[in-house]
Enquirer: 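Here it is, the structure, as structure tokens.
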Amino acid sequence: DGGITQSPKYLFRKEGQNVTLSCEQNLNHDAMYWYRQDPGQGLRLIYYSQIVNDFQKGDIAEGYSVSREKKESFPLTVTSAQKNPTAFYLCASRSEGTGELFFGEGSRLTVL
Amino acid sequence: AQSVSQHNHHVILSEAASLELGCNYSYGGTVNLFWYVQYPGQHLQLLLKYFSGDPLVKGIKGFEAEFIKSKFSFNLRKPSVQWSDTAEYFCAVTPSGSARQLTFGSGTQLTVLP
């Protein structure tokens with residue numbers, strides 16, 4: 001089935017450690033996105049990529065980094081510089097034809 | 001930059017009640033509008049979208065939304081809710097023709113009591 005696969009689903013890390021969240025899509029979409037979801041704040045854009053080897057900062061990029069070496073993959077690294085990393089992270093890709101975003105099931109990161 | 005407001009943070013209804021969730025956006029140009037739903041334990045999925053044409057759009061599961069340009073609104077409605085509609089609902093907007101991003105509202109948690 002076509003879709004977005006995020007892993008891991010749950011992740012725990014100690015303060016000061018970097019962690020990388022995986023996002024893979026087989027929908028052949030050019031554009032991919034990372035959002036952070038916090039209770040009562042909706043979804044906030046971290047980074048997005050419109051094409052391979054190119055990405056742009058979103059509204060809350062500080063403390064995060066991404067890469068886009070392949071069309072199918074858009075991993076997100078949460079660095080130790082991110083002051084409040086405990087959150088639910090959502091990856092999405094966008095259909096050029098309809099503009100619809102397709103979301104993965106999310107990764108819940110907890111910093112201990 | 002565009003922004004989206006969802007004024008109802010938590011709505012509680014009994015089954016068969018009618019639903020209307022408010023969504024207002026701010027942006028001076030032409031926009032595309034979306035409603036997404038997140039059922040408990042599931043990923044976000046599209047309920048309906050508006051790009052152009054008839055301002056009354058119908059989505060899945062009996063939901064509909066009306067785009068009122070003069071009010072910058074895109075309210076979601078359903079005549080009779082079911083317990084299975086319990087979920088979080090997000091309104092989103094993007095400038096027409098933009099691939100940059102959707103801007104999401106803060107979400108409305110709907111709880112339907114059996």
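Note that these values count all heavy atoms, side chains included, but never hydrogens, waters or copies made by symmetry. Within every chain, numbering begins at 1; the chains are lettered A, B, ... in the order of the sequence lines, protein sequences first and strands thereafter.
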Enquirer: Going from CG on Leu90(A) to CZ on Phe104(B), what distance comes out if it is rounded to the nearest 0.5 angstrom?
Expert: 8.5 Å
Enquirer: Rounded to the nearest 0.5 Å, what's the gap from CG on Leu43(A) to OG on Ser106(B)? Could you check?
Expert: 10.5 Å
Enquirer: Working note: Gln37(A) + Gln38(B), criterion side-chain hydrogen bond (donor to acceptor under 3.5 Å, both in side chains); need CA distance, chi angles, decisive distance, verdict.
Expert: CA-CA 12 Å; Gln37(A) 185 178 10; Gln38(B) 189 173 33; 2.9 Å; yes
Enquirer: Sort by residue number and list every member of residues 28-37 of chain B having a non-hydrogen atom under 4.5 Å from chain A.
Expert: Phe34(B), Tyr36(B)
Enquirer: Honestly curious: do Leu19(B) and Phe74(B) fall in one hydrophobic cluster under the side-chain, below-4.5 Å linking rule?
Expert: yes
Enquirer: Starting from Trp83(B) and following side-chain heavy-atom contacts under 4.5 Å between hydrophobic residues (I, L, V, M, F, W, Y), which residues can be reached?
Expert: none
Enquirer: If you measure from OG1 on Thr103(B) to CG on Leu45(A), what distance do you get to the nearest 0.5 Å?
Expert: 8.0 Å
Enquirer: Checking heavy atoms, do the side chain of Gln45(B), its backbone, both or neither come under 4.5 Å from chain A?
Expert: neither
Enquirer: Do Leu76(A) and Tyr48(A) belong together in a cluster built from hydrophobic side chains that touch within less than 4.5 Å?
Expert: no
Enquirer: Supply the atom-to-atom distance Leu44(B) CG to Phe102(A) CZ, rounded to the nearest 0.5 angstrom.
Expert: 12.5 Å
Enquirer: Taking Leu13(B) as the starting point, is it possible to reach Phe63(B) by hopping between hydrophobic residues whose side chains are less than 4.5 Å apart?
Expert: yes
Enquirer: Do Phe88(A) and Val78(A) share a hydrophobic cluster (ILVMFWY, side-chain heavy atoms under 4.5 Å, transitive)?
Expert: no
Enquirer: Is Gln41(A) close to chain B through its backbone or its side chain, or both, or neither, when contacts mean heavy atoms under 4.5 Å?
Expert: backbone
Enquirer: Do Val57(B) and Val4(B) land in one hydrophobic cluster if side-chain heavy atoms of ILVMFWY residues count as linked below 4.5 Å?
Expert: yes
Enquirer: Hey, are the side chains of Arg94(A) and Leu102(B) touching, using non-hydrogen atoms and a 4.5 Å cut-off?
Expert: yes
